[in-house]
Amino acid sequence: MKALIIYVCFVIAGAAAAAGIGYYVEKETSSAVSLIVFLTLFFANFVISWIATIFVMDGSSKNAQSRQDQLNVEKTGKASMMK
């Protein structure tokens with residue numbers, strides 16, 4: 001539950017930053033360029049927020065996809081079947 005709350009907070013902060021940057025780009029260039037910048041930042045925000053959540057929860061990105069945990073579970077299961 002804690003990870004979900006942290007993730008939502010990061011997504012909200014990222015969406016606000018994307019909107020602010022998009023607004024600034026619109027004032028400097030055009031609305032078409034601003035839309036492209038905003039959408040790129042908005043969708044990248046979800047990935048960046050997930051990685052940031054992993055860093056906050058775990059302190060590293062070594063086990064971001066739980067591969068090592070899965071290998072350990074499989075090894076333990078195979079060992080218990082051999083007995």
Side-chain angles (χ1 to χ4, degrees):
M1 186 68 172
K2 181 180 176 184
L4 181 62
I5 293 169
I6 292 170
Y7 179 70
V8 168
C9 290
F10 279 135
V11 167
I12 290 171
I21 293 169
Y23 181 72
Y24 175 74
V25 170
E26 184 175 4
K27 294 296 180 188
E28 295 296 320
T29 59
S30 68
S31 61
V33 173
S34 172
L35 180 63
I36 293 169
V37 169
F38 170 75
L39 288 175
T40 302
L41 292 173
F42 182 76
F43 288 115
N45 175 37
F46 293 106
V47 175
I48 293 167
S49 294
W50 181 249
I51 293 170
T53 302
I54 291 172
F55 277 130
V56 168
M57 293 295 294
D58 200 21
S60 70
S61 64
K62 292 179 191 173
N63 199 20
Q65 296 175 344
S66 301
R67 287 188 182 136
Q68 190 59 43
D69 290 343
Q70 181 64 31
L71 292 174
N72 291 341
V73 167
E74 290 174 6
K75 187 186 297 184
T76 304
K78 287 179 184 177
S80 67
M81 291 175 66
M82 295 296 222
K83 293 181 180 182

Considering only Ile, Leu, Val, Met, Phe, Trp and Tyr, and joining two whenever side-chain heavy atoms are under 4.5 Å apart, list the other residues clustered with Y24.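 Besides Y24, the hydrophobic cluster comprises nothing; the residue is isolated.
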
Cluster companions of V25 among Ile, Leu, Val, Met, Phe, Trp, Tyr (side-chain spacing under 4.5 Å):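 Taking Ile, Leu, Val, Met, Phe, Trp and Tyr as members, V25 shares its hydrophobic cluster with I21, V33, V37, L41.
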
Applying side-chain hydrogen bond (donor to acceptor under 3.5 Å, both in side chains), can you list everything that pairs with E74, at least two apart in sequence or on another chain?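 Only Q70 meet the side-chain hydrogen bond (donor to acceptor under 3.5 Å, both in side chains) criterion with E74.
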
Between F55 and V47, is there shared hydrophobic-cluster membership here, with clusters defined by ILVMFWY side-chain heavy atoms closer than 4.5 Å?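 Yes; tracing contacts between hydrophobic side chains, which count when under 4.5 Å, links both residues.
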
Taking ring pair (Phe, Tyr, Trp, His ring centres under 6.0 Å) as the test, write out the residues that go with Y7, two or more places apart.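 With neighbours one apart ignored, the set is W50.
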
Test ring pair (Phe, Tyr, Trp, His ring centres under 6.0 Å) applied to F46 - qualifying residues, sequence neighbours left out: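 With neighbours one apart ignored, the set is F42.
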
Can you name the side-chain contact (heavy atoms from CB on, under 4.5 Å) partners of L39, sequence neighbours left out?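 For L39 the side-chain contact (heavy atoms from CB on, under 4.5 Å) partners, ignoring immediate neighbours, are L35, F43.
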
Return the set of residues passing side-chain contact (heavy atoms from CB on, under 4.5 Å) with A3 (not counting sequence neighbours), or none when no residue passes.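 side-chain contact (heavy atoms from CB on, under 4.5 Å) list for A3, sorted by chain: T53, M57.
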
Would you list the pairs meeting side-chain hydrogen bond (donor to acceptor under 3.5 Å, both in side chains) in which at least one residue belongs to residues 25-46, sequence neighbours left out?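 As it turns out, the side-chain hydrogen bond (donor to acceptor under 3.5 Å, both in side chains) pairs with a partner in residues 25-46, which skip direct neighbours, are N45-S49.
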
